[in-house]
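In what follows, every heavy atom counts, from backbone to side chain, and hydrogens, waters and symmetry copies are set aside. To find a chain, count down the sequence lines: A is the first, B the second, and so on, and within it residues start at 1.
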2 protein chains.
Amino acid sequence: MSRPTKQSPERGSARTRLLEAARDTIRQKGFTATSVDDLCDAAQVTKGAFFHHFKTKQALGVAAAQHWAETTGAFFADAPYHTPDDPLDRVLAYLAFRREIIAGETAEFTCLVGTMTQEVHNTSPDITSACADSIFGHAATLEPDIAAAIVAHDIRGDWTAESLARHMQAVIQGGFILAKASGNPEMARESIDHLIRYVRQLFNIGETP
Amino acid sequence: MSRPTKQSPERGSARTRLLEAARDTIRQKGFTATSVDDLCDAAQVTKGAFFHHFKTKQALGVAAAQHWAETTGAFFADAPYHTPDDPLDRVLAYLAFRREIIAGETAEFTCLVGTMTQEVHNTSPDITSACADSIFGHAATLEPDIAAAIVAHDIRGDWTAESLARHMQAVIQGGFILAKASGNPEMARESIDHLIRYVRQLFNIGETP
DNA sequence: TACAGCATACCAACCATATGGTATGATTCA
DNA sequence: TGAATCATACCATATGGTTGGTATGCTGTA
């Protein structure tokens with residue numbers, strides 16, 4: 001995080017503002033199409049400040065992915081889907097929550113690291129690995145609940161909590177692509193509905209609660 | 001793929017070679033990071049030829065998406081998954097086929113239009129709409145089989161053939177993202193396995209054939 | 001407590017190159 | 001011959017990145 005100073009709390013915030021600008025701008029235009037000047041304009045920062053905080057544009061990409069992991073990590077940790085007692089209910093509440101937050105402009109609900117991965121997976125290992133950490137790290141937070149649900153509901157199948165957690169991320173990411181292609185968020189919600197139905201079926205609970 | 005000689009019947013193929021170069025290069029580096037020079041080099045064509053066939057780089061993007069729709073359309077039309085008599089078997093054969101062809105380098109099995117959509121959805125309506133046509137057009141080819149399977153197996157649920165066809169594309173696209181992030185094609189296959197399990201459950205057939 | 005010495009945060013101007021695109025000319029085919 | 005298909009040379013600008021410099025805060029020491 002940034003280092004706020006005593007007399008001027010605004011100082012030292014250039015880095016944070018750049019990361020926020022990156023989050024917003026890259027989600028709209030993609031990583032490559034976002035120029036350093038774009039970011040400096042959006043963050044109200046000069047180029048000198050940019051290259052003071054980030055050695056290269058790639059380094060900004062890595063930092064943006066890490067910043068995304070941190071902020072979304074906190075966001076999901078504070079989200080209300082953890083409250084149910086039954087672990088399966090927590091899993092389903094997670095999916096309902098993911099569905100809920102799909103609203104507004106496409107660039108507002110889609111995933112920064114999913115977008116960046118698609119672009120740079122073959123050209124920038126650093127950014128790719130930071131994106132992977134974010135995606136699979138988030139998936140990992142779901143595993144305990146899924147594993148507990150498997151035990152609680154006495155389920156046995158040839159799939160693991162790990163793979164289901166990853167599949168959930170795949171469905172969400174794929175939904176974002178259809179939403180972007182069509183300009184319609186409903187495409188993303190629709191896929192989560194199928195995913196919810198799948199999970200309910202996996203755990204042998206009825207179609208409608 | 002040699003340079004067109006004066007009398008060669010290869011002549012006039014610059015456009016096609018550029019489209020193939022676009023398919024390959026954009027899947028590796030993304031649309032924005034792929035320069036016109038990159039494409040000319042890969043296609044063994046000069047810039048004059050490029051801008052003779054495509055008014056702008058954007059126009060190339062649109063044409064590449066359309067070319068993708070045509071070639072993959074023919075590829076899937078000729079694929080062997082249409083042979084089973086039972087429509088549900090055809091749907092499952094489709095998914096098995098999609099799973100099978102995930103092999104080799106990431107850029108070889110991932111989707112051009114899915115990649116482009118992520119990048120340009122907010123900046124280039126032309127390309128986005130061409131990509132959407134490709135994705136949803138392909139999804140539409142699955143609807144008849146799904147609809148027939150619903151009838152044949154006497155299924156009633158609050159989902160449609162259309163939405164399931166789209167969901168399949170979402171899962172496949174999402175799997176590609178996880179595969180790119182991790183560098184591991186298995187991540188994409190894994191999600192299709194879940195999707196196959198979901199479809200089998202939707203149609204009330206056993207876990208293992 | 002005072003102050004030297006250093007580190008951090010930031011700025012404005014500049015640079016080499018890459019980029020999309022153009023103007024124009026040559027060649028081939030129908 | 002006229003249109004289509006290329007090739008060569010070129011341009012204006014955008015791009016990532018550098019340079020040299022300033023202002024301010026932090027820290028160890030006497």
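- With 3.5 Å as the limit, one finds a donor-acceptor pair spanning the side chains of A:Y94 and A:R98.
- Rounding to whole angstrom units, CG of residue B:L60 and C1' of C:dT19 are separated by 15 Å.
- Note: CG (A:D38) to C1' (D:dG16) measures 12 Å, nearest angstrom.
- Nucleotide C:dT22 holds its P atom 15 Å from the NZ atom of B:K57, rounded to whole Å.
- In this structure, A:E186 places its CD atom where more than 12 heavy-atom neighbours from other residues, nucleotides or ligands lie under 6.0 Å away.
- For the pair A:F54 CZ and C:dT8 C1', the computed distance is 15 Å after rounding to whole Å.
- The 5' end of DNA chain D is approached more closely, in terms of each residue's nearest nucleotide, by A:V36 than by the other of A:V36 and A:G48.
- Following rounding to the nearest Å, A:L18 (CG) and C:dC11 (P) show an atom-to-atom distance of 10 Å.
- For the atom pair CD1 of A:I177 and CE of A:M187, the computed distance is 14.5 Å after rounding to the nearest 0.5 Å.
- Evaluation of the side chain to side chain donor-acceptor pair (under 3.5 Å) test over residues 68-85 of chain B, restricted to residues two or more places apart or in two chains, returns none.
- The distance between atom CZ of A:F50 and atom C1' of C:dA12, rounded to the nearest whole Å, is 17 Å.
- Among the nucleotides C:dG21, D:dT18, C:dA9, the one closest to any side-chain atom of A:H53 is C:dA9.
- A donor-acceptor pair under 3.5 Å links the side-chain atoms of B:E119 to the main chain of B:T32, judged by distance alone.
- With sequence neighbours left out, B:F109 forms a ring-ring contact (aromatic ring centres under 6.0 Å, His included) with B:F176.
- Distances from the side chain of A:A14 to the nucleotides C:dC10, D:dC6, C:dG20 place C:dC10 closest.
- Rounded to an integer number of Å, the gap from B:D41 CG to C:dT19 C1' is 13 Å.
- One can place CZ of B:F51 at 17 Å from P of C:dT24, the figure rounded to the nearest angstrom.
- The base of C:dG21 is paired with the side chain of B:K47 by a donor and an acceptor separated by under 3.5 Å.
- Axis angle, first five pairs versus last five pairs of the helix from C:dT1-D:dA30 to C:dA30-D:dT1: 20°, rounded to 10°.
- Separating the OG atom in B:S163 from the CZ atom in A:R189 is a distance of 14.0 Å, to the nearest 0.5 Å.
- Among the nucleotides D:dC6, C:dA12, C:dG20, the one closest to any side-chain atom of B:A49 is D:dC6.
- Of the listed nucleotides (C:dT22, C:dT19, D:dC6), C:dT19 has the atom at the smallest distance from the side chain of B:D37.
- Backbone-only engagement by A:S35 is indicated by non-hydrogen atom pairs under 4.0 Å involving sugar-phosphate atoms exclusively.
- OP1 or OP2 of D:dT5 has at least one side-chain nitrogen or oxygen of B:H52 nearer than 4.0 Å.
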